[in-house]
Amino acid sequence: MLKLFRFLVPPLFIGLGIAFVVIWLSPNLRSAVLPNIKVPNPYSTKHMSFADAVEKAAPAVVTIFSEGISSVPRFKRANTTQELGSGVIMSSDGYILTNYHVVNNADQIMIILTDGRTFNEVQIIGFDTVTDLALLKIDAQHLPVIPVDDAFSPRVGDVVLAIGNPLNLGQTITQGVISATGKKLTPDNSYSSLLQMDAAVNVGNSGGALINSNGTLVGLTSAQFRTRYNIDIQGISFAIPYPLAKEVMEKLKRDGRVIRGYLGFTGNPVDSTGKVITDLYTKIVGLKVNNIDPLGPAWQAGMQNDDIIVRVAGNTVNNPETTLKFIANTQPGTVVEFDAYRDTELLTFKVTVAKLESRMQ
């Protein structure tokens, strides 16, 4: 056996050596025997680029100038209002969404497209002070439209890009991530649910587009938080979510205004023990009433602070946003049945929905 091994091994190694030398010295033969396997490079010039997303969305973001005209000579004017903002083209025939505060009290509005076209004849279709949205219309066709995806739902941690004209520096892109969803800037405003992010938003960004990494519209940015409170903040900005903006836009196109139901209270989600929920994981079983309007519909129907609403119109309360949206979309004059616990007693209230009166800003 050992003799056989000694007889076979040396020729085998000699043959392998000769084959290696032949293949090495003959490139054509080497490529035929050993195929060229390309190892993908994990890094490229487009690996972390959002250029494609910006290219899709940026042409649909416009600049808006507005001014309140006065008969007083220009050098004496003290109350002339001038606003700089941005807007988003929502349809190819000229419907543009922006923030209401950008065109509030405006006698003259000018819209400039990214291709340089200027429109001085701008129609205000309607506005909604609650969500700070306004719908404008220009006489144009075949305009670039912002990409939208009704199925997209933003999540905390999503990368977003803000497109606008801050400080009139020209169209500018800033990047950030979504920090929170469902934010409310004031406790009494249950009808405006905002996205919080850390993308830079300055004066002139208001009404501009917030897009995701695919170039799809996520919301409309607003610089009102910074200007209203006159504070120097970093890493905190807000945007109106696209689904809410779309809902308001459709109502403005149809009716020229937004009509909301009003019950006269706010509420906090609670768990099965009646404790107010402060996290995102605990199961919601009801809505605890607070800040009840002493002359509002809920109070007139017998509701009190600390009542825990568990059913609205026969539907279980497991999502406060859905419940508040249902109330807002209910026509004034409609009678809605509420089941609520007061201590351990289950009570039923029949509340006539009133009209929410918008406050002019």
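In this chain, numbering begins with 1 at the start of the sequence shown. A quick note: this is a predicted structure, and the numbers were derived from the prediction, not measured.
Between Q304 and V289 there is no side-chain heavy-atom pair separated by less than 4.5 Å. T98 has its side chain out of reach of L220: every pair of non-hydrogen atoms, C-beta onward, lies at least 4.5 Å apart. Side-chain contact between F338 and D307 is absent, with no heavy-atom pair separated by less than 4.5 Å. Side-chain contact check for V353 versus V351: every heavy-atom pair is 4.5 Å or farther apart. Between I240 and V248 the shortest side-chain heavy-atom distance does not fall below 4.5 Å. Between V130 and V258, every side-chain heavy-atom pair lies at or beyond the 4.5 Å cut-off. When side chains are defined from C-beta on, Y262 counts as touching P297, because their heavy atoms get closer than 4.5 Å. For the pair V159/Q175, a side-chain contact is recorded, criterion being any heavy-atom separation below 4.5 Å from C-beta on.
Remark: the backbone N or O of K288 is not paired with any side-chain donor or acceptor of D306 at under 3.5 angstrom. Distance alone, capped at 3.5 Å, places no donor-acceptor pair between the D339 side chain and the T348 backbone. A donor-acceptor pair is defined here as one N or O able to donate and one able to accept, closer than 3.5 Å; such a pair exists between the side chain of N165 and the backbone of L169. Judged by distance alone, with hydrogens and angles left aside, the side-chain atoms of S237 form no donor-acceptor pair with the main-chain N or O of V201 at under 3.5 Å. In this structure a side-chain-to-backbone donor-acceptor pair under 3.5 Å is missing from N212 to V218. D107 places no side-chain N or O within 3.5 Å of a backbone atom of G68 that could act as its donor or acceptor partner. Looking only at distances, no side-chain donor or acceptor of N318 sits under 3.5 Å from a matching main-chain atom of I284. No donor-acceptor pair closer than 3.5 Å links the side chain of T129 to the backbone N or O of F127. Put simply, the side chain of N305 gets close to the backbone of I292: a donor and an acceptor are under 3.5 Å apart. At least one donor-acceptor pair closer than 3.5 Å links the side chain of D115 to the backbone N or O of R117.
The CG atom of D93 sits 10.0 Å away from atom NE2 of H142, with the distance rounded to the nearest 0.5 Å. Atom OH of Y341 and atom CZ of R311 lie 7.0 Å apart (nearest 0.5 Å). Atoms CZ and CG, on F119 and L136 in that order, are 12.5 Å from each other to the nearest 0.5 Å. Atoms CG and CG, from D132 and N104 in turn, are 9.0 Å apart once rounded to the nearest 0.5 Å. For the atom pair CG (L133) and OG (S222), the distance works out to 9.0 Å, reported to the nearest 0.5 Å. Separating the CD1 atom in I236 from the CD atom in Q196 is a distance of 5.5 Å, to the nearest 0.5 Å.
A salt bridge is absent between K251 and D128: the closest approach of a Lys/Arg side-chain nitrogen to an acidic carboxylate oxygen does not fall below 4.0 angstrom.
I163 and V148 fall within the same hydrophobic cluster, where Ile, Leu, Val, Met, Phe, Trp and Tyr residues are linked whenever their side-chain heavy atoms come under 4.5 Å apart, directly or through other members. Transitive grouping of hydrophobic side chains (ILVMFWY, heavy atoms separated by less than 4.5 Å) keeps I112 and V61 in distinct clusters. Cluster membership check: V317 does not share its hydrophobic cluster with L346, using side-chain heavy-atom separations under 4.5 Å among Ile, Leu, Val, Met, Phe, Trp and Tyr. With hydrophobic clusters built from ILVMFWY side chains whose heavy atoms lie under 4.5 angstrom apart, Y95 shares a cluster with L244. Both L287 and L347 are part of a single hydrophobic cluster, where members link through side-chain heavy atoms under 4.5 Å apart.
N214 and T216 are not linked by any side-chain donor-acceptor pair at a separation below 3.5 angstrom, with hydrogens and angles left out of the test. With 3.5 Å as the limit, one finds a donor-acceptor pair spanning the side chains of N291 and T266. T273 and D271 share a side-chain donor-acceptor pair at under 3.5 Å. Neither side chain, T221 nor N205, offers a donor N or O lying under 3.5 Å from an acceptor on the other.
The two residues A200 and A162 come nearest to each other via the heavy atoms O-CB, 4.4 Å. A pairwise comparison of heavy atoms in K283 and I277 identifies O-CD1, 3.5 Å as the closest pair. Of all heavy-atom pairs spanning A199 and T174, the tightest one is CB-OG1, 4.0 Å. Residue M197 comes nearest to F238 through the heavy atom pair CE-O, 3.7 Å, listed as atom of the first residue, atom of the second, then distance. The minimum heavy-atom distance between V310 and V285, with the atom names listed, is CG1-O, 3.7 Å. The nearest pair of heavy atoms linking W299 to D293 is CB-O, 3.1 Å.
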Intermediate values then yes/no, side chain to side chain contact (heavy atoms under 4.5 Å, CB included), E83 and N105: CA-CA 10 Å; E83 287 286 347; N105 297 322; over 6 Å; no
Decide side chain to side chain contact (heavy atoms under 4.5 Å, CB included) for I111 and L113; before the verdict, give the C-alpha distance in whole Å, the side-chain angles of both, and the deciding distance to 0.1 Å. CA-CA 7 Å; I111 292 179; L113 274 57; 4.0 Å; yes
Please assess K246 against D150 for the test side chain to side chain contact (heavy atoms under 4.5 Å, CB included), listing each intermediate value before the final yes or no. CA-CA 10 Å; K246 179 186 177 184; D150 292 342; 2.8 Å; yes
Would you please test I146 and Y242 for side chain to side chain contact (heavy atoms under 4.5 Å, CB included) and show each step? CA-CA 11 Å; I146 195 80; Y242 164 66; over 6 Å; no
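Under the side-chain contact (heavy atoms from CB on, under 4.5 Å) rule, M90 has a single partner from L217, L143, L135, I96, which is L217.
Heavy-atom neighbours of D139 CG from other residues, nucleotides or ligands within 6.0 Å: at or below the threshold of 12. Within a 6.0 Å radius of CZ in R257, no more than 12 heavy atoms belonging to other residues, nucleotides or ligands are found.
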